[in-house]
Amino acid sequence: MPNCINFNEAPFLGSEFEHIKDAIDSKHISGGGKHTKLCNGILKKITGTKKSLLTHSCTAALEMSALLLNIEPGDEVILPSYTFSSTANAFALRGAKLVFVDIKSDTLNLDENLLEQAITKKTKAIIPVHYAGVSCEMDSILEHKIAVVEDAAQAVGSYYKGKSCGGIGDLGCYSFHETKNISCGEGGALLINSERYIEQAEIVLEKGTDRSKFFRGQVDKYTWVGLGSSYLPSDMLAAYLYPQLQSVEQINKLRLELWNNYHKNFEGLNIKRPFIPEHCKHNAHMYYLQFNSLEMRNKFIEFMDSKGIMCIFHYVPLHSSPAGKKYGRVAGSMECTENASNTLARLPLFYGMSLEVQSKIIDCARSFLAKL
């Protein structure tokens, strides 16, 4: 049976067309236009960051972070193995040795208690990943006085002790990919929370030139002054993104209602549900279930597929991948990482999902779980 309930559908409000037309009418559709500036303004306001720079992807924001931290061959970067390849690629591209640490069994986030044993004299940065939009334990991570780059790809609109995810470490990286709560198809942002990185970040963003200074009238011409690349998105993409950023609270509120409905309906069953610490406010980026074995997880996904419902798993651990073995090393046991990879199944969750559709998903899932 073909899938009739998608795992994900990109958010769409309807007002995006108006802003895209405005971008076209402005005769400026390349990066850095009116809507790019508007998006950066909103991001700066909602996160409290010192500077926001819209990028064409979260991958780009991570790569910019590696440049800003002057990551070089011989440096070490600590990160979870349970994440997407972009988290690792950005630093491996600069020659860093990746040091993989295990995740916690409750939130599936980087285990802050394992950092001490992973840190060496070569450690240049720590990259916490806010999995499922639930914040890592940032206070403990920051205590090590090592540069912190938050991979907040899944955490737009999430908070840790009242502070916006992405706006806590030295640098933060957002994703506006089609699969995220707020989306323009492909997009991202670099949040700069430390003043010392702002000027250099503008240079990196502008292909290694001091073009930003030229636009502000600080220099009479701009020139190549350092390393950089083409990280800006088109202003038409920014125009699509702008109304969604304006509505981030509304979008996340509706997602949270769906998330809570899942959570309530799977309570008391023989299944592990997501855990949210009291001091964390999440954005309902995903809802997942954890089974007792790989075999049972796979049977669940196959069963749901037979009912026309697409569910997926998440992730193949980086430390076990060919590139992970080439560019990284493991610091300690990876038991929780491997268990999550083998047992987790994600349920459909997207803005615009009707309660009728969700009820079908819940009924089918519960019919499977009742047999466990």
Side-chain angles (χ1 to χ4, degrees), residues 42-52 58 61-62 65 69 77-80 82-84 86-87 101-116 118-119 125-176 180-182 188-195 197 245 248-253 255-256 259-260 263 273-288 314 336-337 340 349:
I42 291 179
L43 286 168
K44 186 176 178 182
K45 181 179 178 180
I46 65 178
T47 63
T49 191
K50 291 180 171 60
K51 185 79 173 180
S52 170
C58 185
L62 286 161
S65 298
L69 295 180
V77 173
I78 299 173
L79 69 160
Y82 196 65
T83 184
F84 189 60
S86 291
T87 315
V101 297
D102 206 1
I103 55 175
K104 303 174 78 169
S105 61
D106 53 9
T107 60
L108 308 187
N109 278 329
L110 173 76
D111 190 338
E112 71 280 1
N113 299 306
L114 301 178
L115 289 174
E116 194 69 46
I119 292 171
I126 301 171
I127 322 297
V129 178
H130 303 306
Y131 184 71
V134 180
S135 176
C136 296
E137 293 298 326
M138 294 304 296
D139 285 349
S140 296
I141 292 170
L142 293 169
E143 282 178 359
H144 295 283
K145 307 300 181 183
I146 294 170
V148 172
V149 179
E150 295 176 76
D151 184 334
Q154 300 176 2
V156 179
S158 294
Y159 294 85
Y160 170 77
K161 296 183 178 180
K163 298 177 182 178
S164 178
C165 290
I168 305 170
D170 296 277
L171 301 163
C173 304
Y174 276 167
S175 172
F176 304 120
K180 301 303 187 291
N181 294 33
I182 307 298
L190 176 66
L191 306 178
I192 306 168
N193 306 312
S194 179
E195 293 277 1
Y197 296 119
L245 284 176
V248 61
E249 290 186 6
Q250 169 198 333
I251 291 172
N252 285 349
K253 180 182 177 183
R255 291 182 67 104
L256 192 58
W259 193 98
N260 287 333
H263 209 56
R273 302 177 300 158
F275 170 75
I276 314 295
E278 289 186 6
H279 54 273
C280 295
K281 178 183 176 183
H282 70 110
N283 63 354
H285 174 64
M286 74 170 79
Y287 196 87
Y288 58 83
H314 220 200
C336 292
T337 297
L349 176 60

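Bear in mind that the values here come from a model prediction, so they are computed numbers and not experimental data.
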Quick one, W259 with H282, criterion ring-ring contact (aromatic ring centres under 6.0 Å, His included). Give me CA distance, side-chain angles, the key distance, then yes/no. CA-CA 10 Å; W259 193 98; H282 70 110; 4.5 Å; yes

CA sep, side-chain torsions, deciding dist, call: Y287, H263, side-chain hydrogen bond (donor to acceptor under 3.5 Å, both in side chains): CA-CA 8 Å; Y287 196 87; H263 209 56; 2.9 Å; yes

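Within a 6.0 Å radius of NZ in K281, other residues, nucleotides and ligands contribute 12 heavy atoms or fewer. Atom NZ of K45 sits in a sparse spot, with 12 or fewer heavy atoms from other residues, nucleotides or ligands closer than 6.0 Å.
Using modelled atom types, one finds a donor on one side chain and an acceptor on the other under 3.5 Å when comparing E137 with H279. Defined by atom type and a distance below 3.5 Å, a donor-acceptor pair is present between the side-chain atoms of Y131 and H314.
With rounding to the nearest 0.5 angstrom, the CG atom of D102 is 7.0 Å from the CG atom of D111. Note that CZ of F176 is 5.0 Å distant from CG of L245, once rounded to the nearest 0.5 Å. Residue H130 holds its NE2 atom at 10.0 Å from CG of L110, rounded to the nearest 0.5 Å. Note: I251 CD1 to K180 NZ = 14.5 Å, rounded to the nearest 0.5 Å.
No salt bridge links E195 with K51; every basic N to acidic carboxylate O contact stays at or beyond 4.0 Å.
Under the side chain to side chain contact (heavy atoms under 4.5 Å, CB included) test applied with I78, the options I141, I119, I127 reduce to a single match, I119.
Between the side chain of E150 and the backbone N or O of G166 there is at least one donor-acceptor pair closer than 3.5 Å. Judged by distance alone, with hydrogens and angles left aside, the side-chain atoms of H144 form no donor-acceptor pair with the main-chain N or O of I146 at under 3.5 Å. In this structure a side-chain-to-backbone donor-acceptor pair under 3.5 Å is missing from N252 to A284. T47 places no side-chain N or O within donor-acceptor distance of the main-chain N or O of G167, the cut-off being under 3.5 Å.
Side-chain contact check for V156 versus V248: some heavy-atom pair is nearer than 4.5 Å. R255 places a side-chain heavy atom less than 4.5 Å from the side chain of L349.
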